[in-house]
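Below, read A as the first sequence line, B as the second, and so on, with proteins coming before strands; counting in each chain starts at 1. Basis for what follows: all heavy atoms, side chains included, without hydrogens, waters or symmetry-related copies.
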There are 2 protein chains.
Amino acid sequence: MKTGPDIALIAALVGDPARANMLTALMGGKALSAGELAAEAGVSLQTASSHLAKLESGGLLAVEKQGRHRYFRLTGPDIAVMLESMMGLAARVGHVRTRPGPKDPALRQARVCYDHLAGDTGVRLLDSLLRRRLLRSTTGTLALTKGGEEFAAAFGIDLPALERSRRPLCRTCLDWSVRRPHLAGAMGAALLDRVAELGWVRRERNSRAVLFTAAGLRHFERQFPLK
Amino acid sequence: MKTGPDIALIAALVGDPARANMLTALMGGKALSAGELAAEAGVSLQTASSHLAKLESGGLLAVEKQGRHRYFRLTGPDIAVMLESMMGLAARVGHVRTRPGPKDPALRQARVCYDHLAGDTGVRLLDSLLRRRLLRSTTGTLALTKGGEEFAAAFGIDLPALERSRRPLCRTCLDWSVRRPHLAGAMGAALLDRVAELGWVRRERNSRAVLFTAAGLRHFERQFPLK
DNA sequence: CCAATGCTTCGACGAGCATCGAAGCATTCT
DNA sequence: AGAATGCTTCGATGCTCGTCGAAGCATTGG
């Protein structure tokens, strides 16, 4: 027996198609009930219950009771980061599930990665912030500059509240569709929240896709220029 | 059926303990023969052969025939990056395989992550390069500065050769033991090569651990100071 | 208090798969 | 050529685990 973290254990949890579907669904960031997850995975309620129990005891999912419902969510953003990285690898080695429906282009353009923006738009967001020197990378992790802090405040983000959370403020996350990094962390989540609050986007029901309104996209591109 | 990359497929490949052990062994960077991998995984030769066939057809391993031997290696550094990120997650949720033998502290201090340095020392290396402004991050990915290029040349690294490879020069990789990034990519690999060439370290046989010699550690700390 | 809803537990079935013995194929060594 | 080494293929075995029907438990609503 070897030493070190047991990756087989958690890989096996993700390795079942039903569980993988559930986890993917939860990358939308919202907590979902057992019934919703069963439908998402395409299995019966009993089967889903068994899977969810395993995911929970494996530390991948946390559960919250609300009345007669039980809502499940990923235990942390790092789970989402790992799942995205697995998607990137799966895409590279050619394991893409066929049927590229109408949703697929939308997902590549803009989607939710747990709680922040991913896809072309997410990558563009990070590029813009770096190019305008609102973000910089000191020790391999991102940090807001002085200008970045001012920008955040002006954009309507409550920085002190974010800093009170134990979560890293800025983090990169490798995008599976673009294979370039986008902005994650508390700041990434806050930016998506704010963009939604401003009405620039609407969430597709039961999907990770994020649809920009025509006006919203204009505002977004003006607010986050590439040059 | 959903669309998108099929993470269940590759997760299932990693999900078997025997295969996970093989993959972990291959993170040492060296190509290993089927027999060596069988021993590493603790299974018979026939079983190993079956596993290796699956890993190969799944796109995780590449094989190279040499005489009557078949040497397997990871198909790319991104596989190692994914495995390290899974280790980080497994460590966080508490799935560490017990028996923290004498190897364990050594692994945390310095180990090989496919082809570059990880552990405390690897993290320190990245920190030092950033603090001395030999590296900087422009669009979320790392890049050498002018000073960094001069440093590389002075340290005995053939930059033009590295740039000829299609591989990204500098990349970060999240460290499972420290949970902070270290330097990966072609540059990370070249630095480890050079450090080995200089005789500062010796590789533990059949292990990912990297042991610094006393003199080597002094040289290393002088070459990569933290302030 | 009874009915309805949401979910879990129990039990049984079945398929998939990891495992290894034995035989077969390829390569190298003498 | 014959023997030895390294690995794969075949076949059989056994076990794990995903699956769902039926029953049970908890919560909410009338």
Check whether B:S49 reaches the backbone of B:L45 with its side chain - one donor and one acceptor, N or O, closer than 3.5 Å. no

A:V43 or B:Q46: which one's nearest nucleotide on DNA chain D is closer to the 5' end? B:Q46

Please determine if B:D175 and B:R111 form a salt bridge, counting it only when a charged side-chain N lies under 4.0 Å from a carboxylate O. yes

Any A:H51 side-chain N or O less than 4.0 Å from OP1/OP2 of D:dT19: yes

Side chain of A:K65 - closest among C:dC7, D:dT27, C:dT19: D:dT27

Only residue of A:H116, A:E84, A:R124 satisfying side chain to side chain donor-acceptor pair (under 3.5 Å) with A:H182 is A:H116

N/O (side chain, B:R70) to phosphate O (OP1/OP2, C:dT27) under 4.0 Å: no

Shortest side-chain distance from A:A34, nucleotide among D:dG18, C:dT8, D:dT8: C:dT8

For D:dG18 and A:T47 - does any side-chain N or O of the residue sit under 4.0 Å from the phosphate oxygens OP1/OP2? no

Assign each of A:L45 and A:Q66 the nucleotide of DNA chain D bearing its closest heavy atom; nearer the 5' end lies the nucleotide of A:L45

Under 3.5 Å, which donor-acceptor pairs do the side chains of residues 74-81 of chain A form with other protein atoms, sequence neighbours left out?
from, atom 1, to, atom 2, distance (Å)
A:T75, OG1, A:G59, O, 3.0
A:T75, OG1, A:L60, O, 3.3
A:T75, OG1, B:R92, NH2, 3.3
A:D78, OD1, B:R92, NH2, 3.1
A:D78, OD2, B:R92, NE, 2.3
A:D78, OD2, B:R92, NH2, 3.3

When you measure from the side chain of B:R68, which nucleotide among D:dT19, C:dA22, C:dT27 comes out closest? C:dT27

Does D:dC20 have its OP1 or OP2 closer than 4.0 Å to a side-chain nitrogen or oxygen of A:S44? yes

